[in-house]
Structure formats: C-alpha cells, structure tokens
There are 2 protein chains.
Amino acid sequence: MRMSTKAQYAVRALVSLNLTSDGDPVSIKDISSRENISLNYLEQLFVKLRRGEIVKSVRGPGGGYMLARPAADIRVDEIIDTVEETLVPVSCMEADGSCSCTSECATQSVWQGLGNQIRTFLASMTLEDLTNEGRRRLDS
Amino acid sequence: MRMSTKAQYAVRALVSLNLTSDGDPVSIKDISSRENISLNYLEQLFVKLRRGEIVKSVRGPGGGYMLARPAADIRVDEIIDTVEETLVPVSCMEADGSCSCTSECATQSVWQGLGNQIRTFLASMTLEDLTNEGRRRLDS
DNA sequence: ATCATACCTGAGTGTTTCTGTCAATTATTT
DNA sequence: AAATAATTGACAGAAACACTCAGGTATGAT
C-alpha cells in the first residue's frame with residue numbers, strides 16, 4: 001500500500017511552485033533542482049497537471065508554469081487523480097465505490113470503507129494548506 | 001495506491017476459514033477451491049499467518065488450519081501487517097509515523113495523516129465483524 | 001531573423017515488485 | 001506402510017514503476 005512517487009512528486013512540486021511563485025511563472029528546471037526530481041520525469045507530470053487544469057503553462061524565455069486556479073481550490077486528491085494514480089484500494093472496485101464482486105464477497109465492505117477514508121482525507125487538504133505548512137517550516 | 005492481492009487474499013481466506021470452521025481444522029485446499037485462489041500461493045500466505053500467530057496448523061490427515069485466537073481479537077490491520085504488506089504510504093516514513101525527511105518537507109504531514117487514517121480504519125475492524133457480514137450475505 | 005529558452009511529446013529501458021508455479025520435504029494419522 | 005497435508009525454497013513470467021533520451025514546437029529577447 002504505497003503512494004507512487006508520481007503522486008508524491010506531483011504534490012511536492014506543486015507546493016514548491018506555489019511557495020516560490022510571486023505571480024511570475026516558475027520554470028520546471030527550477031523545481032527540478034530545488035526538489036531533486038528528474039527534469040524529464042517532472043515534465044511528464046506537468047503535462048498531465050496541465051491537462052487536468054491544475055497548472056497552466058507559459059512558453060518561451062522567462063516562461064514556466066503557474067497555478068491555473070487559486071491554491072485553496074486545489075485539493076490533494078485532485079492532484080493525485082490527475083497524475084493517474086488510483087485511490088481505490090482494490091481493482092474490482094470502481095472510482096465511485098461500486099464493486100463488481102459477487103454478493104457473497106464479505107471483504108468488500110473493508111475496501112470500500114478504506115477507499116472512502118482515503119478519498120475523504122485527501123479531499124480535506126488543499127494546496128494552500130500545504131503551502132502554509134511549508135512556510136511555517138521555513139520560518140522556524 | 002492499491003492493496004496487494006496478498007493482503008486481499010489473506011483477509012478473504014481468513015473470513016472463509018472462520019465461516020466454514022466448526023472447531024475442526026480447515027484444509028488450505030478447501031479454502032483454495034472455495035475462494036478460487038492458487039493453492040501454492042495460499043500456502044505462502046498461511047506460513048506467514050502462522051508465524052504471526054494468526055492461525056495455527058494441524059498436520060496429517062484431517063488436518064489444516066484454524067484460528068490461533070478468537071476472531072474478535074484479530075484485527076484487519078494485523079492480518080495485513082503479517083503478510084508483509086506495508087500500510088505506510090511513503091517509503092521515507094517508518095511504521096511509527098516518524099519520517100526521515102528534512103524538516104522543510106511540507107508534504108510530510110499529508111502522508112503521515114493518511115497513514116494514520118488507514119491504520120486506524122483497518123484497526124477498527126476485526127475478523128469477527130467480517131465474518132458476521134459474510135453470514136448476513138449468505139442468509140439473504 | 002535568429003537564437004536561446006522552456007514547454008511538449010513519444011518511444012524506449014532497466015529495475016523492482018507482484019503473482020504465482022514447481023519440486024521436494026517433513027510430520028502426522030490411519 | 002500409505003495417505004494426507006503442512007512446510008519450504010527456488011524460480012519465472014508479467015506488469016508496473018521510475019526514469020532516460022531524442023527529438024519537436026512555441027515564444028520572447030537581441
């Protein structure tokens with residue numbers, strides 16, 4: 001039961017972006033060197049984040065990425081969904097919580113409940129929350 | 001973020017065992033055919049479950065496995081721990097929730113909180129709960 | 001214009017984990 | 001002795017993961 005680095009990187013990169021941005025776009029290269037994440041790998045993630053309308057891109061010199069929406073409107077579960085990491089703990093279960101198992105499957109309720117817990121928790125945190133947390137850590 | 005089949009099979013197999021047992025040991029072959037899980041694979045899981053003192057084995061004809069403790073004393077998170085599936089969502093974090101990340105890692109709190117949620121939820125369910133759920137499904 | 005910057009894209013690759021098989025052994029009961 | 005069933009370790013195919021590489025395209029600055 002591990003969150004993939006894809007999801008971890010995406011969240012970290014967005015916090016980093018939001019922390020260092022002052023209205024201007026931030027280049028992916030900056031984020032890469034600051035967070036020690038492979039540049040090319042980060043690019044792939046940002047393609048997805050752009051398509052998911054989490055960030056928007058500015059091309060050309062001085063360009064980079066910036067948030068497509070206020071940080072308070074970006075939930076952590078959205079970020080993870082966008083980089084295509086499933087939050088559903090078993091494969092027989094759909095994203096909406098329904099399950100294709102037979103009715104005599106007694107363990108269904110465990111995974112269904114677990115999925116709900118995970119979803120609810122990650123939906124309760126926004127990028128703004130994490131950025132504030134980051135600022136607090138920088139101060140101390 | 002998927003629970004491995006190892007964990008899923010272990011829980012299903014134990015529910016099945018507890019449902020069909022009437023005090024006598026249940027052979028792994030029975031469970032295998034009832035739950036459609038590879039016999040040899042199940043064996044591996046039961047070795048771990050035995051070492052983890054979730055089940056005990058009875059060898060020879062008429063033998064098999066039985067619960068080592070009352071079903072009400074076996075929590076789901078214990079089962080999953082025993083078959084060696086980690087419940088900690090990121091690798092930098094220990095089982096006790098402590099993290100080896102640097103202090104400026106702002107995403108730590110997400111994974112830490114998520115890990116706690118998962119652990120707490122799975123610790124709130126026992127094998128007895130699931131068995132009762134199974135009985136209810138069989139009746140209807 | 002052209003050059004540098006930086007986003008954009010898809011193909012490819014080594015590693016690891018997962019999932020399961022196979023073969024052989026040991027212990028127990030009938 | 002023979003049958004049953006747990007026990008163990010080695011192994012292997014497949015899939016996912018975590019990148020790398022090699023280009024391409026759009027844009028602003030000189």
Side-chain angles (χ1 to χ4, degrees), chain A residues 1-13 17 20-21 24-68 80 83-86 88-92, chain B residues 1-13 17 21 24-33 35-68 80 83-86 88-92:
Chain A
M1 196 75 176
R2 276 277 159 79
M3 195 60 77
S4 69
T5 63
K6 228 192 276 188
Q8 296 179 47
Y9 286 174
V11 176
R12 263 174 62 200
L17 189 160
T20 57
S21 167
D24 293 332
V26 178
S27 84
I28 220 173
K29 200 192 253 175
D30 287 354
I31 300 177
S32 162
S33 61
R34 190 177 312 112
E35 296 292 330
N36 254 34
I37 302 175
S38 149
L39 177 64
N40 301 81
Y41 197 42
L42 256 190
E43 280 176 345
Q44 291 178 27
L45 298 182
F46 271 84
V47 168
K48 289 178 181 169
L49 291 172
R50 187 176 57 79
R51 290 192 186 134
E53 293 176 8
I54 306 277
V55 298
K56 57 188 173 189
S57 66
V58 179
R59 302 180 89 149
Y65 285 96
M66 44 206 305
L67 295 183
I80 297 175
V83 293
E84 281 172 350
E85 164 75 4
T86 177
V88 176
V90 292
S91 59
C92 61
Chain B
M1 196 73 176
R2 277 277 160 79
M3 194 60 77
S4 68
T5 62
K6 228 191 280 190
Q8 296 179 48
Y9 286 175
V11 176
R12 264 174 62 200
L17 188 157
S21 167
D24 294 331
V26 178
S27 83
I28 220 175
K29 201 193 249 175
D30 286 355
I31 299 176
S32 162
S33 61
E35 296 292 330
N36 254 34
I37 302 173
S38 149
L39 176 65
N40 303 88
Y41 197 41
L42 257 190
E43 281 175 345
Q44 289 178 30
L45 299 182
F46 272 83
V47 168
K48 289 177 181 168
L49 291 173
R50 186 175 57 79
R51 288 190 188 136
E53 293 177 6
I54 307 278
V55 297
K56 57 187 174 191
S57 67
V58 178
R59 303 182 90 151
Y65 286 96
M66 43 205 306
L67 296 183
I80 297 175
V83 293
E84 281 171 350
E85 164 74 4
T86 177
V88 176
V90 293
S91 57
C92 61

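Every chain is numbered from 1 and lettered A, B, ... according to where its sequence line falls, protein lines coming before strand lines.
Whole-Å rounding puts the B:Met1 CE to C:dC18 P distance at 14 Å. In this structure, the CD atom of B:Glu35 is 17 Å from the P atom of C:dT19, given to the nearest Å. The CE atom of B:Met66 sits 13 Å away from the P atom of D:dA6 (whole-angstrom rounding). Remark: P of C:dC7 and CG of A:Leu17 are 10 Å apart, rounded to the nearest angstrom. Summarising the geometry, the separation between CD on A:Gln8 and P on D:dC17 is reported as 12 Å, rounded to the nearest angstrom. Look at NZ on A:Lys56: it is 15 Å from P on D:dT27, rounded to the nearest Å. Atom CZ of B:Arg51 is separated from atom P of D:dT7 by 9 Å (rounded to the nearest Å). Atom CG of A:Asn36 and atom P of D:dC19 are 11 Å apart (whole Å).
In this structure, B:Gln8 contributes its side chain and B:Met3 its backbone to a donor-acceptor pair below 3.5 Å. For B:Glu35 (side chain) and B:Tyr9 (main-chain N/O), no donor-acceptor pair under 3.5 Å exists by modelled atom type.
Checking the phosphate oxygens (OP1, OP2) of C:dG20, a side-chain nitrogen or oxygen of B:Tyr9 falls inside 4.0 Å. Contact between the side-chain N/O atoms of A:Thr5 and the OP1/OP2 oxygens of D:dA18 is found at a separation under 4.0 Å. Contact check, A:Arg50 against C:dC8: a side-chain N or O comes under 4.0 Å of OP1 or OP2. Here A:Arg2 does not reach the OP1 or OP2 of D:dA18: none of its side-chain N or O atoms lies under 4.0 Å away.
Residues A:Arg2 and B:Thr86 approach most closely at NH2-OG1, 3.7 Å, considering heavy atoms. The two residues B:Ser32 and B:Ile37 have their closest heavy-atom pair at OG-O, 2.7 Å. Minimum interatomic distance between A:Phe46 and A:Leu17 (heavy atoms only, all atoms of both residues): CE2-CD1, 3.9 Å.
Between B:Val47 and B:Lys29, the one whose closest nucleotide on DNA chain D sits nearer the 5' end is B:Lys29. Ranked by how close their nearest DNA chain C nucleotide is to the 5' end, A:Pro61 and B:Gly60 are led by A:Pro61.
Comparing D:dA6, C:dC7, D:dT8 by their closest approach to the side chain of B:Ser27 singles out D:dA6.
Contact check for B:Arg50 versus B:Lys56: no side-chain heavy atoms found under the 4.5 Å cut-off.
Contacts between residues 37-46 of chain A and DNA chain D, counted as heavy-atom distances below 4.0 Å, involve A:Ser38, A:Asn40, A:Tyr41, A:Gln44.
Side-chain to base pairing of B:Arg59 with D:dT4: no donor and acceptor N or O lie closer than 3.5 Å to each other.
With values rounded to the nearest 0.5 angstrom, A:Ile28 atom CD1 is found 6.5 Å from A:Leu39 atom CG.
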